[in-house]
Engineer: 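Mind looking over this structure? Questions follow.
Note on naming: letters A, B, ... go to the chains in the order of the sequence lines (proteins, then strands), and numbering restarts at 1 for each one.
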There are 2 protein chains.
Amino acid sequence: MSIQPKTVREQVTNQIRDDLLSGRFEAGSMLREIELASRFGVSRGPVRDAFIQLSHEGYLAYYANRGVMVRHPPNPEDRKFITAIRQDIETHVVLKGASQVTEESLKVVEVALDRLKAACDAGKATVIALRDVEFHESVLIACGGDDMLGAWRQLCSRMLLTYTRHENYAQTYREHFEIFTPLADNDAKSTVAAIRANIR
Amino acid sequence: MSIQPKTVREQVTNQIRDDLLSGRFEAGSMLREIELASRFGVSRGPVRDAFIQLSHEGYLAYYANRGVMVRHPPNPEDRKFITAIRQDIETHVVLKGASQVTEESLKVVEVALDRLKAACDAGKATVIALRDVEFHESVLIACGGDDMLGAWRQLCSRMLLTYTRHENYAQTYREHFEIFTPLADNDAKSTVAAIRANIR
DNA sequence: CGTCTGTTAATTGTTAACATCGTACCGTAC
DNA sequence: GTACGGTACGATGTTAACAATTAACAGACG
């Protein structure tokens, strides 16, 4: 059921993203294609693709002929604003699409929830942050929010770099479980309420 | 003063984007790397990079091992919502950064305004749409809104595909001139008011 | 007749070599 | 001592060949 990345580009992209989230690369430092290519044992092509992709996701800043730089996390003021926009987008999509959620897409959401639970049990913050976002993403997809996904991802990626809210991992899981339950019943209003309680 | 794209990738990306905006490619159709590469007289590499970039900008949908598809424009309901979010982002950035606008960055805004005026005089809708967005982008950059630029671009790209609002090109220019004037005086509140009147 | 499977053509994915661009360093002139 | 210019190095930009994947089709089998 889980989606294993098949192409080298996806694997490289995911690996670099994980490294960025776990703070392996210092903010403001430059990343070199050759160095990462040799580390992963691939050519520069997929690494280059990953750089373009991660630049558009907001993790890296791209400078022509000079390479990419690790971006700094957003300041508290922007964080607050981004959170509000994110709430608005998820609310909009769920209100519009919760009634059309299919069995199949709901199953994907359930898998995402299980993975989040596993991460919470393990207690690794960076993994939880990833699974958290992936769960919300699956909800948006289930509600047919493909059109908003790009903008939404942009916002989330900026937030991920400073994922520090939860000290209580059990509560993290519970909050998301309470999003899933009403969604499974096609109850848009309750789903939205749970989402707004979770994103803050 | 104008920024000419130097790399082949940028030129290819811009050309494909223009073609998409002017409706040269049918929504839902697939784009092939080889075909576009030979049309532009370049190799598949830059075209591939452009596909990745334009996918992230929201114009194209990417399918692994199968290529990219021209996305459909957003429906009226989503359009309305996107407009609201766009207003919020621009408002946030301008309120926060209008006081720190430098002479240099203001000059870039002025150039963008001139280019918009030229497009309005020429009366070509697709060019006006592009210049319109570029003007707003220059304002955001001038106000230090780099952090929001990615998400903002996502939203705008979706809107551009259905740029049909203005029949009166002179008014299009005037509305943007009225954004520029208070910005030059570091008057955040008036700038925001003009922006909110323009984006609708 | 419908379904399954093997083949094939077309397209994307990846690689390595070559071209081009930016930067740092060093020598020289003032 | 400082400023300017050339040169060398290291990085990204681009290309074309090769590998892997996909989807369509034809033929065999039930």
Engineer: Let's see if you can work this out: which of C:dG13, D:dT15, C:dT15 has an atom nearest to the side-chain heavy atoms of A:Thr7?
Structural biologist: C:dG13
Engineer: Please name all residues satisfying salt bridge (charged side-chain N to carboxylate O under 4.0 Å, His left out) with B:Glu35, sequence neighbours left out, ordered by chain then number.
Structural biologist: B:Arg39
Engineer: Salt-bridged, A:Asp78 to B:Lys96, with N to O below 4.0 Å?
Structural biologist: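 Counted as a salt bridge, because a side-chain N and a carboxylate O are separated by less than 4.0 Å.
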Engineer: Return yes if some donor-acceptor pair links the side-chain N/O of A:Ser157 with the main-chain N/O of A:Tyr59 below 3.5 Å, else return no.
Structural biologist: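 Pair absent, no side-chain N/O of A:Ser157 close to backbone of A:Tyr59.
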Engineer: Would you kindly give the CG-to-C1' distance between A:Asp49 and C:dT12, to the nearest whole Å?
Structural biologist: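 Taking atom C1' of C:dT12 as the reference, CG of A:Asp49 is at 11 Å.
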Engineer: Between C1' on C:dT11 and CZ on B:Phe51, what's the gap in Å once rounded to a whole number?
Structural biologist: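 Result: 12 Å.
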Engineer: Charged N to carboxylate O under 4.0 angstrom, A:Arg24 versus A:Asp18?
Structural biologist: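 A salt bridge is absent here (no side-chain N lies under 4.0 Å from a carboxylate O).
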Engineer: Quick one: A:Phe40 CZ to C:dT14 C1', roughly how many Å, whole number?
Structural biologist: 16 Å
Engineer: Could you tell me the separation between the CD1 atom of B:Ile52 and the C1' atom of C:dT14, rounded to a whole number of Å?
Structural biologist: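 Taking CD1 of B:Ile52 and C1' of C:dT14, I get 12 Å after rounding.
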Engineer: Measure from the side-chain N and O atoms of B:Thr83 to the backbone N and O of B:Arg79, and report whether any donor-acceptor pair falls under 3.5 Å.
Structural biologist: yes
Engineer: For B:Leu60 and C:dT12, what is the distance between atoms CG and C1' respectively, to the nearest whole Å?
Structural biologist: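 Atom CG in B:Leu60 sits about 15 Å away from atom C1' in C:dT12.
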Engineer: For A:Phe135, what residues pass the ring pair (Phe, Tyr, Trp, His ring centres under 6.0 Å) criterion, not counting sequence neighbours?
Structural biologist: A:His176
Engineer: Please write out each protein N/O paired with an N/O of nucleotides 17-25 of chain C under 3.5 Å, distance rounded to 0.1 Å.
Structural biologist:
unit_1	atom_1	unit_2	atom_2	d
C:dC21	O3'	A:Asn65	ND2	3.2

Engineer: Could you state the CZ-C1' distance from B:Arg48 to D:dA16, rounded to the nearest angstrom?
Structural biologist: 14 Å
Engineer: Which of residues 27-37 of chain A sit near DNA chain C, with a heavy atom under 4.0 Å from it?
Structural biologist: none
Engineer: Classify B:Gly67 by what it touches in the nucleic acid, base, sugar-phosphate, or nothing, heavy-atom distance under 4.0 Å.
Structural biologist: sugar-phosphate
Engineer: Measuring from the side chain of B:Val8 (C-beta onward, heavy atoms only), which nucleotide among C:dG13, D:dT14, D:dT15 has the closest atom?
Structural biologist: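 That would be D:dT14.
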Engineer: Supply the members, apart from A:Tyr63, of the Ile/Leu/Val/Met/Phe/Trp/Tyr cluster built from side-chain contacts under 4.5 Å; use none for a lone residue.
Structural biologist: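 A:Met30, A:Met69, all in the cluster of A:Tyr63.
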Engineer: With sequence neighbours excluded, tell me which residues meet ring pair (Phe, Tyr, Trp, His ring centres under 6.0 Å) with A:Phe81.
Structural biologist: B:His92
Engineer: Tell me whether A:Lys107 is salt-bridged to A:Glu103, with the criterion being a basic N under 4.0 Å from an acidic carboxylate O.
Structural biologist: no
Engineer: Check this one for me: any side-chain N or O of A:Tyr63 less than 4.0 Å away from OP1 or OP2 of D:dG13?
Structural biologist: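 No, outside the criterion.
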